[in-house]
Amino acid sequence: MMKRHWLNTLLVFSLLLNVGGLGAVGYRAWQSGEWPGQHADDKHDHLAKYLNLNTEQRQHWREREEKFLWEMEVDWEDVRIHRERMIRQIFSQQPDLAAIEADRAAISSLQEKQQRHIIAQLIEEQRILDATQREALAGLLIQQNPPRQNSCRLDMI
């Protein structure tokens, strides 16, 4: 019983340290929940208005964003699959530590990939914005609160 407690504790701490995952989660939360009740197109239009994008900028932004969001969603589905499998393994009658570690490593790798993808997307967005727009977007992103370490355990995994 004690061994299982330590395994769960170590797993939680390991997941907390994954900065890439936190960044990806924070960005995804911003993309999907900054303006509750709005569809993706509405959010795009709201952000485009907030940044005062011109027609050409809106077109470039939308093209890049569609591809980016699709790729992120594919990765999030893979994270979901590994997360569910890992949770089921942790709470099984006889947890397989190697299987748990394999899923944890897969999640970590996917989150790191997402973090790199987010940075690449932000650099692409930076290139199409003028100085005032870049400052406005940076300010908006800085205001976003990443998940807290004391949040629900299942949210961290």
- Item | Sequence-distant partners of E63, salt bridge (charged side-chain N to carboxylate O under 4.0 Å, His left out), two or more places apart | none
Do side-chain atoms of [X] reach the backbone of [Y] as a donor and acceptor pair under 3.5 angstrom?
X: E77; Y: V74; value: no
X: Q126; Y: R134; value: no
X: Q144; Y: L140; value: yes

- Query: Should we count CD of E135 as having more than 12 external heavy atoms under 6.0 Å?
  - Reply: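 Count not over threshold, so no.
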Where do [X] and [Y] come nearest, in terms of heavy atoms and distance?
X: L137; Y: L51; value: N-CD2, 3.7 Å
X: R58; Y: L53; value: NE-O, 3.5 Å
X: N52; Y: Q133; value: O-NE2, 3.0 Å
X: Q57; Y: I128; value: NE2-O, 2.7 Å
X: I90; Y: P95; value: O-CG, 3.4 Å

- Task: Kindly give the cluster partners of I81, where membership spreads through any ILVMFWY side chain lying under 4.5 Å from a current member.
- Result: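 Result for I81 is none, singleton.
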Which value, rounded to the nearest 0.5 Å, describes the distance between [X] atom [atom1] and [Y] atom [atom2]?
X: H82; Y: S108; atom1: NE2; atom2: OG; answer: 11.5 Å
X: I107; Y: R83; atom1: CD1; atom2: CZ; answer: 8.0 Å
X: E125; Y: E65; atom1: CD; atom2: CD; answer: 7.0 Å

Can you sort out the partners of [X] under side chain to side chain contact (heavy atoms under 4.5 Å, CB included), two or more places apart, ordered by chain and number?
X: A120; answer: none
X: I123; answer: I119, R127
X: R88; answer: E84
X: A99; answer: Q89, D96

- Task: Among residues two or more places apart or on two chains, list those pairs meeting ring pair (Phe, Tyr, Trp, His ring centres under 6.0 Å) that have a residue in residues 120-139.
- Result: none
- Message: Using the ring pair (Phe, Tyr, Trp, His ring centres under 6.0 Å) criterion, which residues pair with H117? Sequence neighbours excluded.
- Response: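 Testing H117 for ring pair (Phe, Tyr, Trp, His ring centres under 6.0 Å), a comparison that skips the adjacent residues, returns F68.
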- Can you name the residues that form a side chain to side chain donor-acceptor pair (under 3.5 Å) with D75, not counting sequence neighbours?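 So D75 forms a side chain to side chain donor-acceptor pair (under 3.5 Å) with K113.
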- Message: Going by side chain to side chain donor-acceptor pair (under 3.5 Å), name the residues that satisfy it together with E101, two or more places apart in sequence or in a different chain.
- Response: R104
- Item | Non-hydrogen side-chain atoms of L47 and W61 separated by less than 4.5 Å | yes
- Item | L97 with F91, same ILVMFWY side-chain cluster at under 4.5 Å |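 Yes, L97 connects to F91 through the hydrophobic network.
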- What do the steps show when you test W76 against R80 for side chain to side chain contact (heavy atoms under 4.5 Å, CB included), and what is the final call? CA-CA 6 Å; W76 276 112; R80 186 198 63 75; over 6 Å; no
